[in-house]
Amino acid sequence: MALITNIDPQQDLIESTEGIYLVDAGAGTGKTYSIVNRYKNIIDKNVDPENILLVTFTVNAANQMKQRIIKILSEKIDVFKLLEAPVMTFHSFCSLIVKKYGVSSPSYLGLKNYLPANFDIIENSEFESEMFRKFYMSFTDRHRNIYENIFYILQKESDNILKIIKKLCSLGIYPEDRKWSKDAHDLLKGDYEAYSALFDDLNKPEASMKGGEKFNKLKNRFTSALRDKLYPDLDEEKIFDEKRVNSDIKDEIFFDDLQEEYISFLKDIYIEYLEFLLDRNQINFEFMVMFAYLTLLKNEKVREKLQFDYVMIDEFQDTDEIQFKLIMLLCRNLNNKINLCVVGDWKQGIYGFRNTKIENITQFGNSLSLYKDELNQDETRIKYDVTDFKKITFENNYRSSYKILEFSRETLFVKGSAQEEVDSEIIEINFKEPLKEKFNFDEFAEIEFYQAVDKSDEYQLVLKKISELLNEKEKYKIRVYNKATFEIIEERPVKYSDICVLSRNKKFCLELQREAIKAGIPANYGGGLEIFSSEQGIIVLAWLRLLSDERDIQGWIPVLEMDGYTYPEIKGLFEKISENGIRLIPDIPESAAKFLKHLKSIRNNLLGIVEEILGKYNFNDAIGNKIISIINSWNKNDLISLNELIRIIDRSKNSEHKIGTGENTDAVLMQTIHASKGMEYPVVILSNVNNHNFPVFRQDSGSIYFHEISGVRSKKFFAHKNEYYFMFDNWKSDLIRSICKKNNYDEDRRLLYVAATRAMQYLFFTAYSPSSFMTSLSERTGKEIIGNFDYEIISNKPIPDKTVTKIKLPGKIAKSKKFLSPHSLMELAPDVEPEYGLPEPEDVEQPFQFNKSRFEFGKIVHEAANKIANGLEINSDIEEINRIKKFIGYLNANELKPEIDFLYPEGDKVIRGTIDLLAFYDDRIEIIDYKTDRSRKYEDKYRIQLGIYKKVIEKIYKGKKVICRIYYVRLDETVELS
DNA sequence: ATCGGTAGGGTTTTT
DNA sequence: CCCTACCGAT
């Protein structure tokens with residue numbers, strides 16, 4: 001007997017068709033190949049295609065899968081049969097279930113509505129947001145008597161509430177018969193045991209390097225919240241021990257009387273939103289999956305009809321809880337066994353914001369058992385054994401150089417912040433060693449870290465690197481393999497299209513692309529053109545705005561620009577009319593007025609209006625048509641109003657609804673990491689690895705939140721204070737939050753992993769303010785960050801819609817120098833009162849109104865002033881802002897430069913600061929500083945501050961006369977300093 | 001070198 | 001809301 005052991009995991013999977021399999025298929029391990037061949041293998045056993053379910057999570061992947069299946073099976077099986085086979089995305093499969101069997105599925109929740117098969121799926125999140133807002137407004141009207149306080153607290157939080165409803169939905173939590181089941185209710189109350197364990201762990205004493213005890217994690221986390229918030233009922237003595245948080249408060253903060261009210265509120269809004277959508281024959285993705293799930297869960301006959309002998313799930317790391325349960329219900333029980341194969345890579349799970357649950361794959365076995373129990377609670381639905389499953393791990397990589405494979409594993413251990421402690425043990429267990437390379441790239445592989453000075457310098461750095469890659473033809477070469485025979489086809493110089501620049505966010509990509517085009521480097525943005533940012537989209541929005549308010553300058557600018565007006569001309573047109581402070585309709589061209597009148601005459605036909613606008617400019621192109629079809633889909637049955645449409649378009653500008661730009665020239669691709677998933681490129685430049693950008697910290701803003709451990713919590717409450725009824729910050733729920741929230745850089749680490757594993761040969765990192773990801777990677781791999789610090793920096797903050805001006809200061813700044821702020825210099829001055837900068841007594845009372853941080857007012861005024869000086873239109877009810885508007889209007893300067901950040905070397909120190917406004921005149925430069933003080937008593941100190949600004953400006957503009965002025969906004973007084 | 005306090009700055013991804 | 005960097009004290 002021949003002893004043949006099959007050691008290739010890939011082959012193992014293809015041949016093992018019976019039983020439960022968890023396949024860990026890392027990046028570039030030939031996952032699609034294996035799935036398709038396994039599918040073929042099952043077919044070879046004479047299984048009918050309609051008995052094999054194969055689902056993935058993207059339309060592209062599903063199409064690709066189907067095509068390849070047809071390709072290898074078309075000789076054996078009828079193509080039409082294959083075309084009809086259930087190989088599709090998860091969502092289209094759910095849609096099929098609901099359409100075929102789900103007409104009365106709302107009844108499972110005790111709702112009277114039906115879900116007819118012709119329902120509309122809401123695909124655009126901005127659109128849904130707007131629909132929900134509308135619904136929420138009527139909901140508050142109907143329930144004001146019961147939830148008065150909640151509505152006051154959650155007035156503007158419809159987005160946040162919608163998010164919570166969707167999260168509950170993807171966890172399989174829904175109200176039945178207009179109440180929460182006991183289990184659902186328990187989940188909404190939170191998990192005290194888990195909370196308690198976390199509390200104790202975070203509140204452990206923290207050993208100090210000096211031998212004693214230092215502030216522990218919990219105390220540290222909470223003290224930072226104390227800075228920006230005011231907790232009127234907080235007794236610091238009571239909640240803090242010297243170095244820790246007082247454990248006595250553990251129970252006090254968890255058991256909260258207000259919680260029940262919120263739980264009940266969520267139930268009502270959940271049900272009524274469902275009814276709202278169903279009344280309109282609409283549904284969102286989350287509810288569609290839920291109804292598919294309910295259809296299977298509650299109806300045994302349908303379940304039997306729908307079950308498959310073979311189930312394969314691709315991209316399993318992208319499933320959420322209800323989806324996994326639904327998958328379990330779809331497996332046909334065959335002698336207490338099922339044939340289920342889930343394929344995925346936990347290291348590439350990057351859709352947490354869509355409520356995917358990474359534990360589905362990282363703790364597959366536990367999840368199976370847990371979900372089986374839950375599904376069988378009231379009725380035995382899952383009869384098969386879930387304890388017997390086999391794990392297959394793919395080890396061979398058919399994409400990258402060894403250097404990259406080795407390096408990419410390191411990305412999973414990297415720190416997200418300097419303080420973070422990564423649990424490396426878990427990673428060591430689940431990812432013991434780098435994947436094995438199948439293609440050898442020898443010396444044509446490299447990884448480097450680069451540092452720029454500032455953002456615009458980073459753009460230039462990336463572009464310089466791109467040129468270098470193309471020009472240094474001996475150093476950089478692309479080795480092309482025949483992927484079937486493993487032979488080298490050619491070694492050739494780098495082309496633009498070999499290069500992909502990745503960024504954590506879109507903004508950086510888009511700006512970089514603009515810079516690249518300017519520099520003559522062909523570049524495409526990977527997401528396609530954003531349709532409402534196109535010329536067509538902008539002009540449609542502009543006219544809609546004018547239709548709503550013909551004084552809207554934001555509407556007039558694009559319209560008049562299309563008519564050939566220049567920006568200063570348009571500004572002039574508006575300045576004339578705003579002199580006396582009342583905004584009037586400007587003196588506009590007759591043709592525009594006529595067209596506007598025409599649009600008004602067909603006011604109630606939104607689609608017709610859009611068609612007219614596009615027709616006026618002859619935009620009868622692909623983009624124009626797409627705009628019409630999108631607006632048509634939103635406006636079915638005339639559901640939305642003009643102002644709603646304006647808001648949706650405005651919010652859609654930088655997001656969904658892309659149109660392929662049809663580019664296939666040789667160009668560099670620039671895209672987000674999310675968009676790059678599944679792709680591979682010979683050269684990858686991961687840019688924008690900057691603090692705050694990558695990793696980003698997701699913050700759950702909003703006054704209500706839900707977390708599995710904390711349950712439903714409100715961050716605000718009402719109470720009496722000084723005879724008035726005020727809204728306060730709730731320190732208890734803030735503290736619970738800081739306990740329950742994990743350090744969630746895990747997902748960003750996986751994003752880093754995804755980014756690194758896109759590269760085949762060359763991988764470069766760039767940043768101007770390297771985040772912990774970059775410094776930590778540099779440390780782990782021993783690779784230096786290459787940078788040039790002999791720069792002088794002085795630059796403006798980027799202003800939206802305005803180009804950034806940049807000025808250079810003489811003198812060099814060394815990396816290790818100490819920084820000083822003008823304020824700290826002021827404090828060093830002899831006559832400085834210690835309370836400088838603190839709010840005056842009357843200011844302290846203010847924040848009790850609405851969670852405004854103490855310095856918010858000054859911030860708002862400065863921000864507004866910055867925008868005004870940049871020529872942006874500001875409409876504000878705040879008197880001080882209108883005063884600044886006037887003030888700037890009277891300046892009559894040749895040029896205004898607001899918010900100039902400077903670094904000014906002096907001796908061994910560097911002074912760092914921001915100048916509010918520079919006004920340039922023929923004979924002088926004025927430095928202007930806004931103050932929101934209620935008196936002039938600190939003027940002497942400000943003299944020091946402005947004195948420093950003066951020195952800086954005199955150094956840049958040698959020989960110019962420089963004058964310093966303070967504008968006291970509250971006093972409406974200008975003072976020239978001598 | 002380490003710790004606590006303080007100040008300032010920026011804020012995402014999309015089936 | 002959270003991170004980094006600075007400052008002063010030890």
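Residue numbering restarts at 1 for every chain, and letters A, B, ... go by the order of the sequence lines. As the structure is a prediction and not an experimental result, all values here were calculated from the model.
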Which nucleotide in the list [options] gets nearest to the side chain of [X]?
| X | options | result |
| --- | --- | --- |
| A/N693 | C/dT4, C/dC1, B/dT11 | B/dT11 |
| A/V696 | C/dC1, C/dC3, B/dT12 | B/dT12 |
| A/F215 | B/dT14, B/dG5, B/dT12 | B/dG5 |
| A/H91 | B/dG5, B/dT15, C/dC3 | B/dT15 |
| A/H674 | C/dC3, B/dT15, B/dT14 | B/dT14 |
| A/A675 | B/dT14, C/dC3, B/dG4 | B/dT14 |
| A/A418 | B/dT15, C/dT4, B/dT13 | C/dT4 |
| A/T58 | B/dT14, B/dT12, B/dT15 | B/dT15 |

#### Entry: Pair A/N690, A/S769: side-chain N/O donor-acceptor within cut-off below 3.5 Å
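There is no such pair between these side chains.
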### Query
Does any donor atom in the side chain of A/Q317 or A/E315 lie under 3.5 Å from an acceptor atom in the other side chain?
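Yes, because at least one side-chain N or O of A/Q317 sits under 3.5 Å from a partner of the opposite role on A/E315.
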Integer-rounded Å distance: [N] [atom2] and [X] [atom1]:
| X | N | atom1 | atom2 | value |
| --- | --- | --- | --- | --- |
| A/I121 | B/dT14 | CD1 | P | 20 Å |
| A/Y351 | B/dT12 | OH | C1' | 13 Å |
| A/L751 | B/dT14 | CG | P | 10 Å |
| A/N690 | C/dT4 | CG | P | 13 Å |
| A/N63 | B/dT15 | CG | P | 14 Å |
| A/D314 | B/dT15 | CG | P | 16 Å |
| A/I122 | B/dT15 | CD1 | P | 16 Å |
| A/Y745 | C/dT4 | OH | P | 7 Å |

### Query
Toward the 5' end of DNA chain B, which comes first, A/I350 or A/N691, by nearest nucleotide?
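That would be A/N691.
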### Query
Mapping A/K214 and A/R504 onto DNA chain B by nearest heavy atom, which one lands closer to the 5' end?
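Its nearest nucleotide lies further toward 5', so the answer is A/K214.
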### Query
Between A/N284 (side chain) and A/I122 (backbone), is there a donor-acceptor pair under 3.5 Å?
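Checking the backbone N and O of A/I122 against the side chain of A/N284, no donor-acceptor pair under 3.5 Å is found.
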### Message
Whether A/R750 and A/E747 form a salt bridge (side-chain N of Lys/Arg under 4.0 Å from carboxylate O of Asp/Glu) is what I want to check.
### Response
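Looking at A/R750 together with A/E747, the answer is yes, because their closest N to O distance falls below 4.0 Å.
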### Query
Angle class for the A/F316/A/F324 ring planes (parallel below 30°, perpendicular above 60°, tilted otherwise)?
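Aromatic pair A/F316/A/F324 classed perpendicular.
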#### Entry: Sugar-phosphate, base or nothing in reach of A/R737, heavy atoms under 4.0 Å
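A/R737: backbone/sugar contact only, no base atoms under 4.0 Å.
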For a quick test of reading the model: is some side-chain N or O of [X] closer than 4.0 Å to OP1 or OP2 of [N]?
| X | N | result |
| --- | --- | --- |
| A/T672 | B/dT12 | no |
| A/K243 | B/dC3 | no |
| A/K677 | B/dT14 | no |
| A/K715 | C/dC1 | yes |

#### Entry: Pairwise 5' ranking along DNA chain C for A/D734 and A/S771, keeping only the more 5' one
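The residue closer to the strand's 5' end, by nearest nucleotide, is A/D734.
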### Task
Indicate the atoms forming the closest heavy-atom contact of A/C509 with A/T672, along with that distance.
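Looks like SG-N, 3.9 Å.
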